[in-house]
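Values below: every heavy atom of this structure, side chains too, minus hydrogens, waters and symmetry copies. Proteins get letters first, then strands, A, B, ... in listed order; numbering begins at 1 in each.
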Amino acid sequence: MSKILVVAEHDGSALNPSVAKAVACAVSIDSAEIDVVVLASDAAAVAQEAAELEHVSRVLTIERPENSYAISAVLAPQVVAISGNYTHVLGPSSTYGKDLMPQIAALLGVNQVSDIMSVIDSHTFKRPVYAGSGLALVEAPADSIVIGTVRIASYSSVAGGNSASIESVDVSVDLPAHTRFIELKSGVSDRPDLQTSAIVVSGGRALASEENFDLIYKLADKMGAAVGASRAAVDAGYVPNEVQVGQTGKIIAPDLYIAIGISGAIQHLTGIKDAGTIVAINKDEEAPIFEVADIGLVADLFDAVPKLIEALD
Amino acid sequence: MEKILVGLKRVVDYNVRVRVKNDGSGIETDGVKMSINPFDEIALEEALRMKERGEASEVIVISVGPGEAQQQLRTGLAMGADRAIMVESATPVDPLSVARIFKTIIDRDGIDLVLLGKQAIDNDNSQTAQMLAAIWERPQATFASQIDMNGDKATVTREVDVGLEVVEIDLPAVISVDLRLNEPRYVKLPDIMKAKKKPLDQVALDEFDIESAPAIKELTFEPPAERERGVMVDDVAGLVAALKDKGLA
């Protein structure tokens, strides 16, 4: 039986939704125990949220002033210090987990299983390669600890309602001061979160300007949707980087994805292949997005989108 | 800052539509165009710009992999790197072992900054930079979209899920680069000729006395589940009807 440690991503005050999905991945491994570790300067609120997740046995908190902001070189040695009791350490395949988990693996002298999308058994997993053009069945060494990141779009969150015990852990390791957090520039918006929203409206290069992207925002507001974009739209400066969907942006799995003026390069499609329904509006009938769209409309977006907004009234 | 080390991985070109082999034993790479991993090319471009601004004196490119990767190193030299190191291995090398090889070169040559792509577009692992920083016990700044050098420090803007994060790191350090950091230059013909005279050291992998790391074994490959082509509607009214039909509007 496996004993699994899940590293909790959080922003200092709230647990990231990715953690409930990483726990779901842990549940699919034949596990006797699933613990969640929260590294923070003040872990109480985040630990409380983690303790409510179903299947979690214990929440461990490591509180140090150095943990007030996530610096992987600071966090990794602390996770390593408590990893001895576990067969697996998992984190989300978010920028937080991608930054941190390979450090933990390297300190433990193992390679990492990146982007686990399904579990075959305790040491065998499926993961995407070549932007999802292939799925590889991979096997981690049977006699060493498994360090992995979980492809969040492949899992549904575990339920809440649990009340796992919360235990504070003292870890005495020297922490480096060579990396300093300066600031976070965030396009704070009260729109739904791109990674968890049930509906996402995305715009591409065909929007042609930052001003025109307002059309996407208007449709998204009408539908209660999060806003996404193709790499081309981000590169052109129409929208900030955090809304990019695809191989090098976010991998999402909404119930409904509406791609507007997006041609559908493979690098974009890899970010949406788990969506429930894909709708595409594009004036080029040859656009590859139509090969994967459940509902396609060949039309000029500047004509179709205002009509769609009106029709949804 | 004296020396910058840049890793260049040989991968299937970005524009090739790759396919899983029919027998599931791997990805079809026969006769397929190979290139420098696009993120690594951006890392090299950044290193060259640093050198051109007088922030570094030498740019060294390194590849760990099949001997054919010399082509990618030659391209790197033609872009402007000063010298190249080819660490040859007939079989794939796992990320931790690559990190350990880089660490050996760092100790041997005295490197101040390592610039790497944030991931290779073949295995999409995104591990080597972070692993190198961990075993070197030096700072890392991953997914960089802006790098400002300031003596023995660097201020790096990172593309993270919630926006842009700015960190300050002490050198020496490892930085992994993202797409929007820069646009790599094109190689000109005279530069290709000049690059032929630049030094390219070949070292066999087994000349490195590194601890071998257990690899994650790739057993079989399968193509992804295809999404079926859906219905085409004629107009917005048809689209709204189709959405209502699915209970989505």
Could you tell me whether the side chains of [X] and [Y] share a donor-acceptor contact shorter than 3.5 Å?
X	Y	answer
Gln247(A)	Asp124(B)	yes
Asp148(B)	Thr155(B)	no
Asn182(B)	Glu45(B)	no
Glu9(A)	Ser94(A)	yes
Thr104(B)	Asp107(B)	no
Ser93(A)	Asp115(A)	yes
Arg100(B)	Ser97(B)	no
Gln72(B)	Arg10(B)	yes
Gln112(A)	Ser114(A)	yes

At a 4.5 Å cut-off on heavy atoms, which part of [X] comes close to chain B: side chain, backbone, both, or neither?
X	answer
Gln267(A)	side chain
Lys250(A)	side chain
Ile272(A)	backbone
Pro77(A)	neither
Asn241(A)	both
Ala76(A)	neither
Val305(A)	neither
Ile295(A)	both
Thr124(A)	side chain
Ala293(A)	backbone
Phe290(A)	both
Arg127(A)	side chain

Chain A interface, residue from [options] that has the most non-hydrogen pairs under 4.5 Å:
options	result
Gln140(B), Lys246(B), Lys153(B)	Gln140(B)
Arg19(B), Arg17(B), Glu211(B), Lys118(B)	Lys118(B)
Val20(B), Asp94(B), Val11(B)	Asp94(B)
Asp235(B), Thr128(B), Leu132(B), Asp178(B)	Asp235(B)
Leu219(B), Ile169(B), Val167(B), Leu248(B)	Leu219(B)
Asp161(B), Val240(B), Val231(B), Leu239(B)	Asp161(B)

CG on Leu308(A) to CG on Leu243(B), rounded to 0.5 Å: 7.5 Å
Aromatic rings His268(A) and Tyr257(A): how do their planes relate, parallel, tilted or perpendicular, breaks at 30° and 60°? tilted
Under 4.5 Å heavy-atom distance to chain A, tell me which part of [X] shows up: side chain, backbone, both or neither.
X	answer
Ala249(B)	side chain
Phe39(B)	side chain
Glu228(B)	backbone
Glu226(B)	neither

Thinking salt bridges, do Glu168(B) and Arg180(A) make one under a 4.0 Å N-O criterion? yes
Lys126(A) atom NZ: more than 12 heavy-atom contacts under 6.0 Å: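 Atom NZ in Lys126(A) is not packed in, count stays at 12 or less.
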Among the listed options Gly296(A), Ala106(A), Gly276(A), Ser144(A), the residue most often paired with chain B at heavy-atom distances under 4.5 Å: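 Ranked by heavy-atom pairs under 4.5 Å with chain B, first place is Gly296(A).
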If you count heavy-atom pairs under 4.5 Å between each of Ile104(A), Leu312(A), Ile199(A), Val234(A) and chain B, which one has the most?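 Ranked by contacts with chain B, first place is Val234(A).
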Under 3.5 Å: donor-acceptor pair, side chain of Gln78(A), backbone of Val74(A):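 Such a contact is found between Gln78(A) side chain and Val74(A) backbone.
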